[in-house]
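Let me begin by presenting the structure, written as structure tokens, before commenting on it.
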Amino acid sequence: MPLTPVEFSYFCRTSILSMRPIQMVDTRSQYHRIQSEVDQAVLDVLESSAFIGGKPVQAFSEELAAYLKVAHVIPCANGTDALQIAMMALGLQPGDEVITPSFTYIATTEVIALLRLTPVFVEVDPQTFCIDPASIRAAITPRTKAIVPVHLYGHAAPMEKILQIAREHDLFVIEDNAQAIGCDYQFSDGRVAKTGTMGHIGCTSFYPSKNLGAYGDGGAIFTKDTELAEKLRMIANHGQRKRYYHEIVGCNSRLDSIQAAILRIKLRELDGYNQARQAVADQYDKAFAGHPQLTTPYRASYSKHVFHQYTLKLAAGIDRDGLVKFLSDRGIPSMIYYPVPGHRQPMFASFGSASLNLPVTDALTDSVISLPIHTEMEEEQLHYITESVLAYLK
Ligand SMILES: *Cc1c(COP(=O)(O)O)cnc(C)c1O
């Protein structure tokens with residue numbers, strides 16, 4: 001039973017008084033739980049003064065590789081660089097077509113255009129929000145060279161089907177795992193793999209709000225392939241293997257020692273962080289279950305969900321801007337990820353993508369809303385958010 005307007009208004013006033021302010025992500029409260037360890041690790045780097053390429057960078061890379069069960073982890077400066085370096089290492093040439101969802105963060109698609117490759121935007125599945133295999137098949141041409149699935153919001157893309165298509169057409173698969181680190185994918189034979197480790201290359205971001213977030217920028221690239229790993233490493237380091245001997249054109253993309261030292265500590269907490277997010281999602285699911293105007297996030301049988309975002313779909317006719325304002329007036333942030341899909345971004349105008357017909361993507365763009373989710377959510381905050389959403393809809 002939703003609260004009556006009088007009850008709701010009283011509930012809001014009393015809740016706001018006792019609660020910690022609600023944030024989309026509460027990195028400070030999370031820091032406080034590991035503060036002494038983090039502070040010491042940062043001080044150790046300061047004392048060593050090996051700010052670039054220090055011991056924590058190598059140690060973190062090895063620990064992350066062990067966690068992911070992948071042979072090679074190449075650290076870099078951010079998730080966007082990771083994607084760019086991945087595409088450079090695969091030797092893609094200008095005009096080569098790269099199939100990618102339109103419904104994703106701009107970094108995924110921007111680097112394709114930056115490298116003078118052609119982004120080919122395809123549909124996502126309306127339930128999982130991830131790239132739709134049928135739409136991939138329909139988009140393949142003789143110029144297609146790669147597929148970039150995105151494990152959006154923390155749910156795995158349907159990798160088994162994607163890898164099958166890639167094998168049939170001899171395409172590269174670059175996984176954008178920026179939102180799903182730690183997520184398990186299960187193949188139909190029962191085998192389990194971490195997202196980001198199934199394609200030729202996986203990319204991730206350690207942007208502070210990500211599930212494994214640094215206290216600044218950071219990123220990493222994963223691969224099983226030793227030759228490819230060496231090339232990725234070279235490209236991230238000015239195309240050199242040996243200092244001042246530059247074999248190929250690269251860039252400068254490094255994870256610094258302070259971030260690596262912090263990430264080593266946070267990697268040990270990652271499974272716990274993801275479980276905390278799942279617990280928040282469970283609570284939201286329970287509160288919104290069966291509501292005729294809300295669709296809660298789908299969890300496919302092949303994917304765990306690490307809930308980088310908790311994203312609802314609103315039924316047609318609900319005033320989403322009104323809901324955002326209603327929540328904001330009550331101290332509850334919410335976000336639209338993403339308000340404009342890739343194929344409608346002016347930056348891609350020269351590819352003629354605005355005329356594409358992507359009805360699922362357009363519909364999702366108009367109906368999604370993401371609620372606060374992080375590792376430090378309190379029971380009382382959750383209750384306040386769910387009551388507020390339900391009060392608006394009734
Ligand atoms: C965050 C993110 C990136 C880029 O990461 P940065 O570290 O901000 O460059 C790429 N793809 C997706 C899906 C992301 O969410």
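Order of appearance sets the numbers: ligands from 1, and atoms from 1 within every ligand. Being a predicted model, the structure only gives us computed values, none of them experimental.
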Per-atom contacts of ligand 1 with [X], taking only distances under 4.0 Å to non-hydrogen atoms:
{"X": "N78", "answer": "7 (O), 9 (O)"}
{"X": "T80", "answer": "4 (C), 5 (O), 6 (P), 9 (O)"}
{"X": "A178", "answer": "2 (C), 3 (C), 10 (C), 11 (N), 12 (C), 14 (C), 15 (O)"}

When you compare ligand 1 with F206, is there at least one nitrogen or oxygen pair between them that comes in under 3.5 angstrom?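 Such a contact does not occur with ligand 1.
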Under 3.5 Å between some N or O of ligand 1 and some N or O of T104?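 No, no N or O pair falls under 3.5 Å.
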Location of contacts on D176 toward ligand 1, heavy atoms closer than 4.0 Å: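 The side chain, only.
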Using the rule that two of Ile, Leu, Val, Met, Phe, Trp, Tyr join whenever any of their side-chain heavy atoms come within less than 4.5 Å, decide whether F121 and V98 are in one cluster.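 No, no single cluster joins them.
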Can you say whether the rings of Y310 and F288 are parallel (under 30°), tilted (30 to 60°) or perpendicular (over 60°)?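 The arrangement is tilted - the two ring planes meet at 30° to 60°.
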According to the interplanar angle, ranging from 0 to 90°, do the rings of F187 and Y185 count as parallel (below 30°), tilted (30 to 60°) or perpendicular (above 60°)?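 Geometry flag for Y185 against F187: perpendicular rings.
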Looking at Y273, is R277 sitting on its ring face, NZ or CZ under 6.0 Å from the six-membered ring centre and within 45 degrees of the normal?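 Judged by the rule, R277 and Y273 form no cation-pi pair.
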Is K313 close enough and on-axis enough to F129, meaning under 6.0 Å and within 45°, for cation-pi?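 That pair qualifies as a cation-pi contact.
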Could you check which of H308, K210, Q179 puts a non-hydrogen atom nearest to atom 2 (C) of ligand 1?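 The residue whose heavy atom sits nearest atom 2 (C) of ligand 1 is K210.
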Any donor-acceptor N/O pair, H238 side chain to G250 backbone, under 3.5 Å: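 Checked: no pair found.
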